[in-house]
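Quick notes on the structure that follows.
So you know, we letter chains A, B, ... as the sequences are listed, proteins then strands, and number each from 1.
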Amino acid sequence: MKNKEIANLLYEIADFLEAEGSQFKPFAYRKAAFELKSSQKDVKETYEEEGLRGLEDIPGIGKSIAEKIEEYIKKGRIKEFERLKKKTPIKMKELVQIGGMGPKKAKLIYEKLGVSDVKSLEKAAKENKISKIEGFGEKSEKNILESIGFLKKSSGRFLTGEILEEVKEIEETLKKSKNFKRVALAGSLRRGKETVGDIDILAVSDNPGKAMDFFASLPGAVKVWSKGKTKSSLRMSRGFDVDLRIVPERSFGAALQYFTGSKEHNIALRKIAASKGFKLSEYGLFKKGKMVAGRTEEGIYRVLGMEWTDPEIRENQKEIGAAINDFENKKPGLPRLIEKRDIKGDLHCHSVWNGGRNDIWEMAESCIEMGYEFLGISDHTKFLKIEKGLDEKELEKQGWEIRKINEKIRKTGRHFRILQGAETNILKDGSIDIKNEALKKLDYAIAGIHSNFKMSKREMTERIIKAMKNRHINIISHPTGRLLQRREPYEIDFDKILRAAKIYNVALEINSFPERLDLDGGNVRRAKEAGVKMAINTDSHQKSHLKNISLGVSQAKRGWAEKKDIINAWSPEKMMEFFKKKHAL
DNA sequence: GCCGTTTTCGGCCCGACTGTTTTCAGTCG
């Protein structure tokens with residue numbers, strides 16, 4: 001039982017309570033849920049070790065919620081929740097996902113029309129019944145249908161960042177088992193896509209029967225779709241499916257290549273193979289019926305006269321041509337793509353100063369553990385009141401603290417430094433919510449859009465360009481504003497933004513947060529081709545988020561980014577020069 | 001329902017936006 005499971009339950013209770021018109025309880029439940037979700041300690045363990053008292057020690061959790069958690073751990077259900085659901089029998093979690101639809105509106109349309117889930121909501125909207133209800137209108141009805149359409153498009157896929165850890169655990173479990181000789185992840189996960197449909201795992205086993213038994217009894221598996229000697233399929237409790245294929249060792253590379261995809265890359269590769277008299281399949285590379293490669297991926301590409309290709313760029317976007325060796329004509333091959341180990345620090349991290357979970361020192365410690373050379377603290381600034389944004393005075397105070405910690409680190413002789421930045425807000429008119437005199441004192445400054453998302457393309461583009469012109473702004477955070485499966489990017493003329501970024505020496509962020517991944521691979525590629533520099537940041541609000549950097553690196557790789565394109569892969573000195581150059585413009 | 005450097009009651013984050021209204025409720029971040 002994961003903290004998140006209980007947290008989600010508390011969130012849903014909060015929604016039901018809000019629908020009932022309860023004023024402050026929802027706030028309390030959401031706070032408790034948030035604390036649970038971000039707590040590093042397992043609630044169930046806490047309860048087993050310390051009982052109710054231990055639960056009440058968690059901030060935001062008092063007697064009543066502690067008892068509800070106890071009830072859930074013991075009985076697997078919460079009476080209060082059952083009571084609320086009985087009173088208003090609707091699929092709350094499903095309905096509030098619809099844009100513009102909150103708990104109260106969900107309850108209202110249930111009472112008026114008997115709408116209890118998204119399906120019946122869609123039907124009612126199509127029959128123009130929604131617009132007849134008081135408080136709704138034609139526009140609401142249109143928005144509801146639009147939002148449902150958007151949701152449908154993205155349904156059935158999961159955010160890679162949300163399931164990655166669990167998938168890695170599965171991989172490790174299989175690897176540790178004696179039943180498996182080799183295990184590898186394939187599919188879109190291996191290609192670093194931001195969302196994945198299902199998980200493909202390949203394995204080699206001397207005893208496929210036993211191996212499949214082991215697989216089917218994995219912790220967290222809730223349903224076995226199928227179980228055979230070569231292929232089995234499971235549904236995990238989080239809702240995603242995992243396919244395991246057992247292949248002969250001599251075909252492992254070929255199978256890995258085949259099941260990694262993409263389909264388009266594979267088709268192109270098979271065409272190359274055919275043109276040279278080979279036949280390529282998931283079983284191997286064959287010439288006149290004789291297997292010539294297949295044990296490793298490298299072997300297959302080599303025999304085809306190609307360089308091994310990073311999975312992230314296997315999209316048939318010119319990587320095939322680039323990978324073909326042509327030494328005679330000194331043709332440039334594939335670029336050496338950026339790797340996680342190239343990253344020297346994180347420039348977008350929040351701290352307790354604006355409501356983050358960890359203080360600056362704790363964040364720094366984690367960065368040191370990761371082998372970084374620097375950490376950029378960039379807390380929100382004052383316009384974002386909900387995030388306790390810092391004003392000019394508080395930024396100055398934070399500067400003192402950072403200098404003190406840097407001094408402490410310097411004395412240990414460690415090669416590590418904390419930089420002070422800020423994630424400022426680009427206001428509606430393109431101005432920055434922090435005065436230039438204060439920005440000047442920072443090591444660098446980020447600017448991002450956090451309000452007024454719905455502007456015309458022209459206005460939004462002008463707004464961002466105006467911010468880039470500010471001589472203290474070095475990075476634009478999450479440049480397109482998209483939230484995966486939740487919000488489309490805001491309207492911008494990206495080519496114009498790229499030109500401005502180049503002229504005003506501003507880096508665009510590759511935000512590594514699982515639901516952002518913004519820029520994405522496609523936009524990274526465009527930025528790179530325009531000669532625009534980028535920064536791969538995590539937007540961490542607590543130290544456990546720092547590991548998301550690998551998601552950002554995957555997007556960067558998907559966009560063919562190299563070390564030279566990523567400012568936080570440079571030496572800190574060179575990066576600081578990039579920032580300084582801006583001030584001189 | 002939770003919390004306390006305003007400590008057992010009274011406040012809880014709050015301003016902007018949206019779509020609906022004609023002064024506001026609900027949603028959003």
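- Counting any heavy atom pair closer than 4.0 Å across all strands shown, A:I61 reaches sugar-phosphate atoms only and no base atom.
- Taking atom P on both B:dT21 and B:dG26, the two are 14 Å apart, rounded to the nearest angstrom.
- Rounded to a whole angstrom, the distance from the C1' atom of B:dG19 to that of B:dC12 is 28 Å.
- Between the CG atom of A:L108 and the C1' atom of B:dT27 there is a distance of 14 Å, given to the nearest Å.
- Ring to ring, A:H545 and A:H348 are not that close: their centroids are 6.0 angstrom or more apart.
- Base contact: A:K25 has a heavy atom under 4.0 Å from a base atom.
- Open room surrounds CD on A:E134; 12 or fewer heavy atoms of other groups in view lie less than 6.0 Å from it.
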Can you give one letter per nucleotide of nucleotides 11-21 of chain B, going 5' to 3': B for a protein heavy atom under 4.0 Å from the base, S for sugar-phosphate only, - for none?
-BB---SSSS-
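- Comparing B:dT8 with B:dC13, their C1' atoms are spaced 23 Å from each other, to the whole Å.
- When heavy atoms are screened at a 4.0 angstrom cut-off, A:K63 is found touching the sugar-phosphate backbone but no base atom.
- Residues that satisfy the salt bridge (Lys or Arg N to Asp or Glu O under 4.0 Å) test with A:E18, not counting sequence neighbours, are A:R30.
- Atoms CD (A:Q23) and C1' (B:dG26) sit 13 Å apart, rounded to a whole Å.
- With the nearest nucleotide of DNA chain B identified for both A:S64 and A:I98, A:S64 has the one nearer the 5' end.
- Rounded to whole angstrom, the span from the CE atom of A:M92 across to the C1' atom of B:dT27 amounts to 14 Å.
- Atom CD of A:Q420 is separated from atom CD1 of A:I377 by 9.0 Å, given to the nearest 0.5 angstrom.
- Summarising the geometry, the separation between NZ on A:K105 and C1' on B:dA25 is reported as 8 Å, rounded to the nearest angstrom.
- Among residues two or more places apart in sequence or in another chain, the salt bridge (Lys or Arg N to Asp or Glu O under 4.0 Å) test is passed with A:E312 by A:K557.
- Base-pair partner of B:dC9: B:dG4 (Watson-Crick or G-U wobble, both distances under 3.5 Å).
- When the shell of 6.0 Å around CZ of A:R53 is examined, it contains 12 or fewer heavy atoms from other residues, nucleotides or ligands.
- Here the separation of B:dG15 from B:dC9, taken at their P atoms, is 29 Å to the nearest Å.
- Atom NZ of A:K104 and atom C1' of B:dC24 are 13 Å apart (whole Å).
- Going from atom CZ of A:F453 over to atom C1' of B:dT27 covers 13 Å, rounded to whole Å.
- Atom NZ of A:K547 is surrounded by more than 12 heavy atoms from other residues, nucleotides or ligands within 6.0 Å.
- Contacts of A:P103 with the nucleic acid, taken as non-hydrogen atoms under 4.0 Å apart, involve only primed sugar atoms and P, OP1 or OP2.
- Comparing the C1' positions of B:dT18 and B:dT22 gives an interatomic distance of 15 Å, to the nearest angstrom.
- Distance check on atom P: B:dT20 versus B:dC28 gives 14 Å, rounded to whole Å.
- Distance CD (A:E71) to P (B:dG1): 13 Å, rounded to an integer number of Å.
- Nucleotides B:dG10 and B:dA16, compared at atom C1', are 27 Å apart to the nearest Å.
- In this structure, A:L483 places its CG atom 7 Å from P of B:dG29, rounding to the nearest Å.
- Using a 30° and 60° split on the angle between ring planes, A:F579 and A:Y444 fall in the parallel class, below 30°.
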